[in-house]
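Everything on this sheet refers to the single structure shown next.
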2 protein chains.
Amino acid sequence: MISKTCGYAIRGIVFLSLEQNKSTKHGILEIAEDLQIPQHFLGKILQDLVRRGIISSIKGPHGGFFVNAKTKDTPLIEVVEAIDGLGIFKKCFLGREECSSINPCPLHDEFDGCRSAIFKTFENLKIADLVTKIENGDSYLSLSNDFATEI
Amino acid sequence: MISKTCGYAIRGIVFLSLEQNKSTKHGILEIAEDLQIPQHFLGKILQDLVRRGIISSIKGPHGGFFVNAKTKDTPLIEVVEAIDGLGIFKKCFLGREECSSINPCPLHDEFDGCRSAIFKTFENLKIADLVTKIENGDSYLSLSNDFATEI
DNA sequence: AGAAAAAAAGAGTCTTTTATCTTTATTTAA
DNA sequence: TTAAATAAAGATAAAAGACTCTTTTTTTCT
């Protein structure tokens, strides 16, 4: 659905927004290692998010990426729009150039409900909501050590 | 969700299954032009489907692709499995290597319902169902002439 | 001022998906 | 039995997505 890149973006923002991370800046190396995402690739993604104002950064010693006043209230759809664009919600399931309710493909109506449900979920969910889930222990950003060491 | 290639496959099968096409063989050029899909690319896709027994083909003059006894009862999930594989229903929304209900990402539960709804729809829908929609004029395989000429 | 740390930017690579072009194999019909 | 039609196969290319490596810029600290 959303690209891998966009998933990385969301995970990066949520990482910075976790309670114990909020007060500090975090270098790209640290973030990438913790989330197991290629360092320079994640770097570019976070730079995009800084340009959009979703997170902030400072260069130089003791610099790094960090949350700003806006971060936790950012709806996920804003991140999706920044990285993938909203066009992903309009693509025809069967690969036709155009597909809409006035000229639908045979799967259009079948999946239109799901598609708008997904869209609405991205509209309604904010970064803060994902943070809460993680702090409650209901979900995880990276494969938890518990699972990693159990192998 | 499903790849463009998979969409092409479904459209190709449905094209052959339309009532007025059932009794005849259709060359790849005709199918590709009608559906506006790159000819040789669609050729390879249909060849896959022939190997899977979902459609049939005959070489030589008057040869072409055509439906067989199985075609119209083929559930869409079988086509998806043939082209994309069922792995597409397990990929993590946030790009983690593993994601499941015992080690979910913060979006896992949000979208699990949609994901299984989509899976079930692909299980339940058969090629025949899509054919019916088109014959009823409820949906279209290619951009209809009506729309094309209105531009 | 100079060295070091860190993000930012630039450029290049690898992989996958999508698409094209060419050749081969099979079948039909004249 | 040869020519033509057609699917099948092979090889290559173009585009997009994901990832890497190198250089530059900014900032801090000594």
Side-chain angles (χ1 to χ4, degrees), chain A residues 1-12 16 24-33 35-68 80 82-85 87-88 91-92 94-97, chain B residues 1-12 16 24-33 35-68 80 82-85 87-88 91-92 94-97:
Chain A
M1 181 66 224
I2 62 175
S3 69
K4 209 169 176 182
T5 303
C6 188
Y8 289 170
I10 294 172
R11 285 208 279 151
L16 294 176
T24 344
K25 299 180 199 95
H26 297 272
I28 186 61
L29 181 62
E30 176 200 349
I31 306 172
E33 278 183 349
L35 298 179
Q36 312 226 61
I37 297 173
Q39 181 193 158
H40 296 290
F41 188 48
L42 180 59
K44 288 182 185 306
I45 297 168
L46 295 189
Q47 284 159 29
D48 272 353
L49 299 172
V50 168
R51 271 179 231 114
R52 297 265 179 168
I54 296 173
I55 56 175
S56 298
S57 68
I58 286 186
K59 288 182 178 181
H62 311 297
F65 295 91
F66 56 98
V67 297
N68 60 34
V80 174
I83 306 291
D84 288 341
I88 61 168
K91 275 195 309 184
C92 174
L94 294 183
R96 303 187 320 155
E97 290 304 318
Chain B
M1 181 65 225
I2 62 175
S3 69
K4 210 170 176 182
T5 304
C6 189
Y8 289 170
I10 294 172
R11 285 207 279 152
L16 294 176
T24 342
K25 299 180 199 96
H26 298 272
I28 186 62
L29 181 61
E30 177 200 349
I31 307 171
E33 278 183 348
L35 298 179
Q36 312 226 64
I37 297 173
Q39 180 193 158
H40 296 291
F41 189 49
L42 181 59
K44 287 180 187 308
I45 297 168
L46 296 189
Q47 285 157 31
D48 272 353
L49 299 172
V50 168
R51 271 179 230 113
R52 296 264 180 170
I54 295 173
I55 56 174
S56 299
S57 68
I58 285 186
K59 288 182 179 180
H62 310 296
F65 294 90
F66 55 98
V67 297
N68 60 34
V80 174
I83 306 292
D84 288 341
I88 60 168
K91 275 196 306 185
C92 175
L94 294 183
R96 304 187 321 156
E97 290 304 318

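A, B, ... follow the sequence lines: proteins, then strands. Residue 1 opens every chain. Below, all heavy atoms of this structure are taken into account, side chains as well, without hydrogens, waters or symmetry copies.
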In whole angstroms, how far is the [atom2] atom of [N] from the [atom1] atom of [X]?
{"X": "I2(A)", "N": "dA16(D)", "atom1": "CD1", "atom2": "P", "answer": "20 Å"}
{"X": "I55(A)", "N": "dA8(C)", "atom1": "CD1", "atom2": "P", "answer": "8 Å"}
{"X": "F41(B)", "N": "dA9(D)", "atom1": "CZ", "atom2": "C1'", "answer": "16 Å"}
{"X": "I83(A)", "N": "dA16(D)", "atom1": "CD1", "atom2": "P", "answer": "18 Å"}
{"X": "L42(B)", "N": "dA9(D)", "atom1": "CG", "atom2": "C1'", "answer": "16 Å"}
{"X": "L29(B)", "N": "dT6(D)", "atom1": "CG", "atom2": "P", "answer": "9 Å"}
{"X": "H62(A)", "N": "dA7(C)", "atom1": "NE2", "atom2": "C1'", "answer": "15 Å"}
{"X": "D48(A)", "N": "dA18(D)", "atom1": "CG", "atom2": "P", "answer": "13 Å"}

If you check every side-chain atom of [X], which of [options] has the closest atom?
{"X": "Q47(A)", "options": "dT20(C), dA9(C), dA18(D)", "result": "dA9(C)"}
{"X": "P38(B)", "options": "dT20(D), dT20(C), dT28(D)", "result": "dT20(C)"}
{"X": "F65(B)", "options": "dA8(D), dT20(D), dC29(D)", "result": "dA8(D)"}

Counting any heavy atom closer than 4.0 Å, what does [X] reach on the DNA or RNA strands: base, sugar-phosphate only, or nothing?
{"X": "I28(A)", "answer": "sugar-phosphate"}
{"X": "H40(A)", "answer": "base"}
{"X": "I58(B)", "answer": "sugar-phosphate"}
{"X": "G43(A)", "answer": "nothing"}
{"X": "K25(A)", "answer": "nothing"}

Side chain to side chain contact (heavy atoms under 4.5 Å, CB included) between I28(B) and F65(B), worked out: CA-CA 7 Å; I28(B) 186 62; F65(B) 294 90; 4.0 Å; yes
Phosphate oxygens OP1/OP2 of [N]: is one of them under 4.0 Å from a side-chain N or O of [X]?
{"X": "Y8(A)", "N": "dC19(D)", "value": "yes"}
{"X": "S57(B)", "N": "dA8(D)", "value": "yes"}
{"X": "R51(B)", "N": "dA9(D)", "value": "yes"}
{"X": "K4(A)", "N": "dC19(D)", "value": "yes"}
{"X": "K59(B)", "N": "dT24(C)", "value": "no"}
{"X": "T5(A)", "N": "dA18(D)", "value": "yes"}

Atom pair CZ (R11(B)) and CD1 (I45(B)), whose distance is rounded to the nearest 0.5 Å: 10.0 Å
Reported CD-to-CG distance for the pair E33(B) and L42(B), which is rounded to 0.5 angstrom: 11.5 Å
Comparing L46(B) and P61(B) on DNA chain D - which has the more 5′ nearest nucleotide: P61(B)
Check: I37(A) and I31(A) side chains under 4.5 Å, non-hydrogen atoms: no
Side chains of I83(B) and Y8(B) in contact at under 4.5 Å (non-hydrogen atoms): no
Neighbour count above 12 (heavy atom, 6.0 Å) for Q36(B) CD: no
